[in-house]
Amino acid sequence: MSGRKVLPMLEPPRKRTKEIEWRKPLREYITNKYRGSASEFSDGLNLLHDVQIRCCNSEATEKSYADFNLYLGLLRSVGKRFPISEGGVRVRFAWSDSLSVKDFTALLPFMSDKVTSYSITFEQAAVIYNMAVIKAVLGAREPRTSEDSIKRASALFQSSAGMYDKVAQIMEEHPEDCLTVDMQPTNLRMLATLMLAQAQECVYEKATDDGMKSSILTKLAMQISYYYSVVLGGLEALENDGLPFLRLWLAHVFLRKEYFLAAAHFRISIVYKEQIKYGLQVAHLSIANQVLDSPSTWENIEIVSRPFAEQFELIRSFLGKHHAEAKKDNDKIFYCPVPKEVDPLPKHALVKYRAPEDLGKLEKDPFHKLVPYELQQVLLSYTSQRNAEINKLLRSVEEYNDIAKSSLSSMGLPGSILAFENPTSAFPEDIMQKIRIMRKDGGVDRLLADFEEIDSKARAVTSLCKDAAKALDEEEQRDNHARQTYGPNWRRTPSHVLTAQIRNELAKYRGNLDHAAKSDEYVKQKFKANQPLLCQLNGPEEQLAHLVPSGVKDGQAQLCGSSIAQLKHLLGRLDGVVADRVKLHNEVKQREEDDDITDTVSNSDHPEEVVETELLKYEPLRKRLKENMELQDRLMTQISDANTEFTQQRSAQGVENVGERTRVFQQINNALLVYLELKRNLAEGKKFYNDMRNIVLNFKARCDDFAISRRMEADELRGMFSQQAQQQLHPQQTSYSHPPPQNPGWQ
């Protein structure tokens with residue numbers, strides 16, 4: 001490869017832009033339209049701002065390409081979630097026209113023929129355009145002195161061609177955004193073809209280095225010449241449209257076209273020489289020699305770079321020598337007729353458009369939680385339907401738990417069984433295990449501490465709501481007072497209009513807190529009803545014996561052993577059913593917490609269908625609950641039958657002294673069940689108030705920000721009124737920004 005001269009490639013000029021203020025308009029839109037805190041998206045807004053600035057000052061490097069690709073991904077995300085337009089969120093984009101830059105040899109530090117647009121599609125297309133330029137420049141700067149370098153250059157040019165073609169497709173779909181010459185689809189495809197020509201040229205270089213057959217090299221060279229002829233036509237059209245004379249590029253492309261046309265004829269002449277067709281050999285060498293020795297060729301050689309001109313001259317001399325020798329041999333030795341015309345040479349392309357697959361892809365979208373307002377309505381509909389389904393499921397769980405509890409209690413279970421177990425002991429072992437677990441958890445003291453913590457959290461959240469309301473009320477009072485003071489001159493939107501939506505949100509939070517307070521009171525009453533017995537159970541084990549009457553007489557328990565065994569077996573199965581339902585309850589709550597279909601809805605063309613599909617994922621839970629409830633119904637029937645048999649057997653055997661013991665054990669068992677329920681209720685209560693605190697804290701911050709911004713706005717208005725008043729009082733001092741003109745007569 002060291003002997004081959006590397007011809008310089010063309011580097012297309014990039015488009016120029018200027019810094020954009022993204023953060024303020026997007027932050028305001030998030031606050032006003034998404035009904036949320038923009039601070040949650042500060043990192044994303046800062047990233048968008050920073051990467052756009054880096055793109056303004058970029059160079060042709062892989063890092064700059066990565067910045068443009070990141071910016072493109074952010075633009076696509078923003079475009080889905082914000083109405084960027086002249087009549088919506090106004091963000092003004094400004095770009096130069098790269099094809100009206102007079103000097104194609106340098107990337108100018110100033111903007112030429114700048115146009116502006118409020119279209120984010122225009123911005124995205126311009127970004128992809130510059131990404132294509134970076135790939136092209138990187139390809140042109142590859143040394144191409146090794147096989148790997150040649151492959152890299154070809155791949156870069158093909159990638160550039162694919163992106164130019166992508167921009168052309170965008171402009172064809174949005175002709176209203178074709179605001180510059182370089183954004184016209186015909187010119188974009190001209191640039192894409194230029195990239196294909198240079199990519200195919202790399203393929204030709206590698207084929208030459210690899211010693212490929214001349215017949216193959218002929219086709220490759222002919223394809224390159226064809227590509228350059230297409231590009232030449234596009235450049236000439238630009239010149240005819242009155243744009244600056246693209247002299248350098250026209251000369252470069254013209255010579256490249258002629259160069260590879262001559263190369264194709266030279267390569268085919270070698271084929272004909274090998275086939276002993278000397279007349280055709282001479283004919284093609286003659287054509288190659290004429291192509292490189294035409295007046296147009298010499299005119300353009302004076303324009304291109306010196307290395308290119310020198311290489312061109314070497315090739316011209318080389319072909320001239322070969323043509324002269326072949327003609328001499330044919331005239332004196334072979335005497336083959338030389339045709340005046342030859343058949344067109346075949347061509348074959350080994351390159352194509354290859355737009356990167358990761359074009360504009362984000363590893364993490366900082367705005368994925370944001371959806372347009374109309375899609376928010378779809379999400380609200382989904383949330384409403386989902387919550388209704390979940391609440392129905394949870395109510396069914398609680399209902400069947402209560403059914404099991406009340407049914408067993410009405411049958412005196414498991415108290416009647418416990419009364420017969422361990423006749424020599426005051427407490428059966430499984431009751432003692434539950435009591436020990438309660439004590440280990442902290443027992444009544446733990447419940448009291450949790451109640452106190454919940455009361456404290458409730459007061460804190462309620463206080464935050466009051467503070468938020470106070471901020472809104474005070475701001476509205478200040479606004480009303482100013483409106484009364486300044487009358488019609490106080491021209492700004494009244495506070496009650498601006499805060500209508502936020503006050504509705506405040507009312508919703510207060511409603512949630514009122515409902516929670518009622519639930520808290522219900523839990524407290526349930527605790528108070530069981531507190532005395534729980535306190536006794538929480539005492540020392542040696543003091544528990546006096547709580548229940550003594551056990552049955554020796555031998556009486558064995559008389560009912562078979563019935564007790566059957567009941568215990570069925571009750572064990574029922575415990576398993578209840579445990580499965582508790583597990584189902586937890587799964588439902590976890591699924592509700594993890595359920596976020598924002599991305600699915602945002603990326604769907606039919607969001608309503610997404611809602612219907614997503615709701616179906618709760619169908620398996622409904623089916624499991626139904627099967628669980630049906631199993632409980634069957635078990636309760638069996639338990640009732642077994643308990644009837646147990647009662648009858650107990651009566652038939654004349655078992656005595658169990659009624660009071662049964663009642664006490666039933667109370668103890670129920671109290672222990674209530675303890676577990678209270679633990680769960682209090683845990684849910686603490687989670688609720690923790691979540692509400694975070695929500696209301698953000699809400700209060702929004703209220704404070706609103707009040708502060710309105711106060712600053714009011715202060716500015718008052719300052720303006722004060723300045724106007726001063727000007728009216730002292731017109732001589734403030735009428736001129738410069739000294740007033742002097743009367744010549746005073747001189």
Mark yes when over 12 heavy atoms from residues, nucleotides or ligands other than Glu452 sit less than 6.0 Å from its CD; otherwise mark no. no
Short side-chain donor-acceptor distance under 3.5 Å, Gln590 and Asp594: yes
Apply side-chain hydrogen bond (donor to acceptor under 3.5 Å, both in side chains) to Tyr71 and Asp50, showing your working. CA-CA 9 Å; Tyr71 183 47; Asp50 294 343; over 6 Å; no
Is Lys617 atom NZ crowded by more than 12 heavy atoms from other residues, nucleotides or ligands, each under 6.0 Å away? yes
Could you tell me whether Lys457 and Glu453 have a side-chain N and a carboxylate O separated by less than 4.0 Å? yes
Have a look at Lys686 and tell me which of Asp455, Asp450, Asp691 forms a salt bridge (Lys or Arg N to Asp or Glu O under 4.0 Å) with it. Asp450
Under the side chain to side chain contact (heavy atoms under 4.5 Å, CB included) rule, what do Glu474 and Arg478 come out as? Steps first, then yes or no, please. CA-CA 6 Å; Glu474 290 179 349; Arg478 290 193 298 269; 3.8 Å; yes
Charged N to carboxylate O below 4.0 Å: is that the case for Glu614 and Arg386? no
Residue Arg693 excluded, over 12 heavy atoms near CZ under 6.0 Å: no
Regarding Arg81 and Ser77, do their side chains bring together a donor and an acceptor under 3.5 Å, going by distance alone? yes
Angle class for the Tyr509/Phe699 ring planes (parallel below 30°, perpendicular above 60°, tilted otherwise)? perpendicular
Is there a donor-acceptor contact under 3.5 Å from the side chain of Asn628 to the main chain of Val577? yes
Consider only side-chain N and O atoms of Arg439 and Asn538, and report whether a donor and an acceptor are under 3.5 Å apart. no
Consider only side-chain N and O atoms of Gln385 and Glu389, and report whether a donor and an acceptor are under 3.5 Å apart. no
Heavy-atom pair with the smallest gap, counting every atom of Arg76 and Gly360: NH1-CA, 3.9 Å
Among side-chain atoms of Asn681 and Lys526, is any donor-acceptor pair under 3.5 angstrom? yes
Minimal heavy-atom distance between Asp441 and Arg446, with the atoms involved, is O-NH1, 3.2 Å
If we count only N and O atoms by modelled type, under 3.5 Å, do the side chains of Tyr400 and Asp633 hold a donor and an acceptor together? yes
